[in-house]
Every structure is written in structure tokens, then in C-alpha cells.
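Report on the following structure.
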Amino acid sequence: QLGIERPQGYTVSFHYNPKVEQHHFGSKHPMKPWRLQLTKQLVFGYGLHYAMDLNESLPAEHRDLAEFHDNDYLNFLQYIKSDDQTQKRHQEELNRYVFTDEFNDCPIFDGIWDYVTLCTGATLEAAHALSSGESNIAISWSGGLHHAKKRQASGFCYVNDIVLAIQHLLQSYTRVLYIDIDVHHGDGVEAAFFNTDRVMTLSYHKYGEFFPGTGGPDDSGPKGFEEPGAYFSLNVPLEDGIDDSDYGWLFRKVTGKTIEVFKPEAIVLQCGADSLGGDRLGKFNLNIKAHGSCVEYVKSRNLPLLMLGGGGYTPRNVARTWCHETAVACNVQLGSDDGRASSIEIPNFVPYRAAFEGAGNGNGLLYPELNIRKLQHPKTYTREDLENTAARCLEQLRHIEG
Ligand code: ZLS
Ligand code: CA
Ligand code: ZN
């Protein structure tokens, strides 16, 4: 591909297994693993594989998952079948582990064990590439499943690849910072490291009548006197319709100060693409350029960086976002600078190119054709709102300074 070269002075590695794309949560379910295929087609279509180490990862094993998850829960995931007969016989476990009903966030589908081990395998391999020094930025777009708990599936997430990856990184690094720009609160990761000061979790999310309902401004870690982990959970609850400049301003201010005071040795960034405008589930109004500039900002700290996927329910926009962010990681500029119509078109030889040909819009990489949805009650952030939110975060950070 014309002019696509490896970045100078550092290595980016890309970890994936194409088998993950074949899985289905059910036809009406918003989580669509084929968005990963779309993403990969774009990444390869642009020739970004010339800029990275490519790794086809192996599925994780039961014992890898058991580093965080409960064995009984893992056995259940490994052996449960999707047919009604088996489900009837396992009703008690189903209720305990996934809350089944006909409208289920976490359905039992065929190949569920393969799906969870493939997602986790890619993320764990990426974490290992960082800790071994093989790579400086490792990418696993099938990971980022931040809601899964020790013994429970939640919010489309069954196994928490992020927690497992951070646990791995803690063997090599003293302090790991977790940053989460998915529109949902990163509750599973926060809960797993609630009582430690070696992991700081920072989540930006919609808060108020929105899943999972946690991550309010006072959720900052254990409240007991001098408990380890007190103040090491930082939450930035936001409202509908927050846009590029307001989100970008807050993200830089709060993330910048967090890095300054916490001094992480490695960073894990969950890049959930449901914070984009026009997402089927999300309520924010970010465009791809603004989302990507958060990645760029984190990358500029030159720390070992694990980049993960997460939410994202408008598949074309997810693929564009993560392709753009792969390019950001590689220091490759694919689109034009204005963050809207891109001068570079989706290459002709990208299979599924048709999927990107939106109604009446250009099909450039950065152009989010579904952006700027008409929200019912978008919040207009005033200067004062933003200053107050930032001030509250900086106030919390004062407790861990020094
Ligand atoms: O962060 O809001 C909820 C929970 C419910 C409402 C929906 N019903 C199905 C269950 C009970 C209170 N759940 C959220 C989960 C969002 C998970 C985000 C994951 C992540 O992006 C990381 C990967 C939710 N929002 C929307 C839906 N669920 C949802 C919409 C449409 C459907 C179809 C399939 C299933 C049932 C009908 C479903 C869920
Ligand atoms: Ca978040
Ligand atoms: Zn989400």
C-alpha cells in the first residue's frame, strides 16, 4: 500500500482471530461480532498491516480465565448449550449467572465458549506483547468487555478480558491506569480493582437512567478511613448529547491530571465506539475524529499502551472508528484534517465496501454519516458545567497526589 510504513522508534502489534467474527448473539441483538470483520477489512484495505506486527491469537484456556473468574461460572459457560431442553435443566444456573428471560442482554448462543475464549485470547496475547517488550502499543479490538463480573455475565459481556489483561500487566508494572471511553460505565473493571491503589480506573460515561446505573460522581473507591484504593476509582458522569469540543476538553483536562498524579507505568484504553453520535444505543455526539483524538492524547504519553474495543452498535461507524484509531496508533494519517468528509475514500478492494456506501453520503473514512442524531433532550453544557465537572475530578485527584 502506498506510503504505509512502520512507525519510527516503536512497535505496534495487532491481535485478532477471524473465528470470533462468525459468532451471533441472536438476530435482534445489538452486539454484532461481524463489526470486527468490517474493522479488519478496513484496516487491511488501507494497508495498515504494513505498519504493524500481526498476530493471529490462540483462544485463551479455562485456566487463564480462572485467574479472575469463578470456576463454577466458567464450567457453566463452557458446557451450557443453547437449546431449550438443556436450558430448562440448568434453569437455576442460568438465573444465577446470566438472568435469562426472552429479552436478554447476555443470551446463551452456540459457540459461546469459543467466542469468550477467542476475545480473551487476543487481549491476553496483546498484554503479553507489551509486558515482554515485543510491542509498545498492542491492539485487540475484540476485547474491552468491561461489564463481566467474577461470577456473572452482564451487559453483553461474559468474560472480563480487561481485568485478566490488567492482572497480567501487574506482574511487570507497578501501576496500571485504565481509561474507558465507552458510553457505558466500566463497572466490572472498577469492581475488580476497587480495593487496590496499583490500578486506577477512569471512566467517562452517560449517567442517569442508563445502564449499568453505577459510576456516579461520588463513586471514588472504598470509603473506609485510609482503605487501599480510596480515591482510585475516578468517574466522569456525563449527559446526553455531549459533543466533540466539550468531551475533548474534559478528557484532556481530567486524563492529563490523572496521568500526572498517578504516574502509571502502563495504560489500558477501552475504546468503546458507542460514544459516537448516531450509535444505536449510545447518546453522545462525538465524531470519529474527536473519539480518535482521545486515543492520540493517551498515546502521546509514550507509555506501554493496550488498546481495546468494547461497545459500538452502528457497525459501519465502529469499523471506521477503530480503523482510524489503528492508524493513529501507527502514526499514519488516513483522512483529511477537518474531521468530516475525508479526502481518502474507502479503498475499492475492501471486501464489503458496499457496506460503507451510506445513503447519499461520501464514504470517506472519517465521515460519520449517521452522526448528529436528533436527541430528545440534549444537554447543552455551559462553561460552568464543564468547569464544575473538571474541578470535582481534580479535587478527587488531590487525595492521591504526592
Ligand atoms: O458497555 O439496559 C439494560 C438492561 C435492561 C434493559 C434491556 N433488557 C434487554 C434487559 C434489562 C436493563 N441493558 C443494556 C446493556 C448495555 C450493554 C452495553 C455493553 C457495552 O457497550 C460493552 C460491550 C442494554 N441496552 C440496550 C439493550 N440492552 C438491548 C437492546 C436491544 C435488545 C434485543 C436483544 C436484547 C433483547 C432485545 C437487547 C438488549
Ligand atoms: Ca466509559
Ligand atoms: Zn457500551
Side-chain angles (χ1 to χ4, degrees), residues 20 23-33 35-36 39 94-95 98-109 115-116 119-120 123 140-149 152-163 177-191 200-217 219 233-239 242 247 250-251 254-255 258 268-284 286 291 294-295 298 308-315 317-318 321-322 389 393:
V20 77
H23 291 87
H24 288 275
F25 282 59
S27 59
K28 294 203 176 65
H29 201 285
M31 178 55 102
K32 305 199 180 298
R35 72 207 171 119
L36 298 164
T39 303
L94 281 161
N95 292 339
V98 298
F99 303 115
T100 61
D101 58 43
E102 62 181 305
F103 307 108
N104 195 354
D105 280 348
C106 302
I108 301 302
F109 55 87
Y115 170 78
V116 301
C119 291
T120 308
T123 297
S140 166
W141 292 131
S142 63
L145 305 172
H146 59 181
H147 299 305
K149 310 296 189 307
Q152 194 159 66
S154 168
F156 319 160
C157 307
Y158 303 83
V159 166
N160 202 313
D161 63 299
I162 310 173
V163 170
L177 173 62
Y178 173 67
I179 307 172
D180 184 318
I181 61 172
D182 189 288
V183 74
H184 299 96
H185 176 225
D187 59 346
V189 185
E190 180 182 287
M200 172 135 201
T201 58
L202 167 56
S203 177
Y204 297 82
H205 47 266
K206 173 172 162 59
Y207 180 71
E209 291 170 47
F210 199 63
F211 186 86
T214 48
D219 171 6
S233 302
L234 182 51
N235 284 296
V236 189
L238 300 166
E239 294 183 55
I242 190 166
Y247 191 98
L250 265 176
F251 184 85
V254 175
T255 306
T258 303
V268 176
L269 178 58
Q270 197 268 21
C271 305
D274 47 7
S275 40
L276 293 180
D279 187 82
R280 179 174 158 196
L281 299 191
K283 306 265 183 216
F284 289 173
L286 304 185
H291 198 274
C294 296
V295 176
V298 173
L308 305 174
Y313 305 101
T314 302
N317 287 347
V318 177
T321 302
W322 290 346
T389 303
C393 294

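Order of listing sets the numbers, starting from 1, for every ligand and every atom in it. Every heavy atom of this structure was used, including side-chain atoms; hydrogens, water molecules and symmetry mates were not.
When distances from the Ca ion (ligand 2) to the N, O or S atoms of D182 are compared, O comes out shortest. Restricting D274 to its N/O/S atoms, the shortest distance to the Zn ion (ligand 3) is reached by OD2. Looking at D182 and the Zn ion (ligand 3) together, the shortest N, O or S contact belongs to OD1. Restricting D180 to its N, O or S atoms, the one at the least distance from the Ca ion (ligand 2) is OD1. Restricting H184 to its N, O or S atoms, the one at the least distance from the Zn ion (ligand 3) is ND1.
For H185 and T214, the side-chain atoms include at least one donor-acceptor pair closer than 3.5 Å.
Under 4.0 Å from ligand 1, the heavy atoms of Y313 that appear belong solely to its side chain. Using a 4.0 Å cut-off between heavy atoms, H29 contacts ligand 1 through both its backbone and its side chain.
In this structure a side-chain-to-backbone donor-acceptor pair under 3.5 Å is present from S275 to I181. Side chain of T314 to backbone of R280: a donor-acceptor contact under 3.5 angstrom is found. With hydrogens and angles ignored, the 3.5 Å screen pairs a side-chain donor or acceptor of D279 with a backbone N or O of Y313. Q270 contributes no side-chain N or O that, together with a main-chain N or O of L308, makes up a donor-acceptor pair within less than 3.5 Å. Under a 3.5 Å cut-off, the side chain of D274 and the backbone N or O of D182 do not form any donor-acceptor pair.
The distance from the Ca ion (ligand 2) to the nearest N/O/S atom of Q270 is not under 3.0 Å. The Ca ion (ligand 2) does not have S275 among its coordinating residues (no N/O/S atom, backbone or side chain, under 3.0 Å). Distances from the Ca ion (ligand 2) show that H184 has an N/O/S atom below 3.0 Å.
Atom OG1 of T255 sits about 2.5 Å away from atom OH of Y204, to the nearest 0.5 Å. For the atom pair CG (L177) and CG (L269), the distance works out to 9.0 Å, reported to the nearest 0.5 Å. Taking CG from N235 and CG from D219, the interatomic distance works out to 4.5 Å, rounded to the nearest 0.5 Å. Taking NE2 from H147 and OH from Y158, the interatomic distance works out to 12.5 Å, rounded to the nearest 0.5 Å.
Residues meeting the side-chain hydrogen bond (donor to acceptor under 3.5 Å, both in side chains) test with K149, sequence neighbours left out: D187.
Closest to atom 19 (C) of ligand 1 by heavy atom, among G155, A273, G186, is G155. Counting heavy atoms only, D105 comes closest to atom 24 (C) of ligand 1 of the residues D279, D187, D105, D182.
Aromatic ring centres of F156 and H29: separated by under 6.0 Å.
The closest approach between a heavy atom of P30 and any atom of ligand 1 is below 4.0 Å. Within the structure, ligand 1 has M31 among the residues with a heavy atom less than 4.0 angstrom away.
For ligand 1, the polar-atom distance check finds an N/O of H147 within less than 3.5 Å of one of the ligand's N/O atoms. Checked by distance only, ligand 1 and D274 come closer than 3.5 Å through their nitrogen or oxygen atoms. Checked by distance only, ligand 1 and N104 stay at 3.5 Å or farther apart across all their nitrogen or oxygen atoms. The N/O atoms of Q270, backbone and side chain alike, include none that comes under 3.5 Å of an N/O atom in ligand 1.
Minimum heavy-atom separation, D161 to G144: OD2-N, 2.8 Å.
One finds an angle of 90° at the Ca ion (ligand 2) between OG on S203 and O on Y204, to the nearest 10 degrees.
The aromatic rings of H146 and H184 sit perpendicular, their planes meeting at an angle over 60°, well past the 30° parallel limit.
Numbered from 1 in the order shown, with element, the atoms of ligand 1 that lie under 4.0 Å from a heavy atom of K28 read 33 (C), 34 (C). The ligand atoms of ligand 1 that sit less than 4.0 angstrom from a heavy atom of L281 are 25 (N), 26 (C). Near H146, the atoms of ligand 1 lying under 4.0 angstrom from a non-hydrogen atom of the residue are 1 (O), 20 (C), 22 (C). Near G311, meaning under 4.0 Å from any of its heavy atoms, are these atoms of ligand 1: 21 (O), 22 (C), 23 (C).
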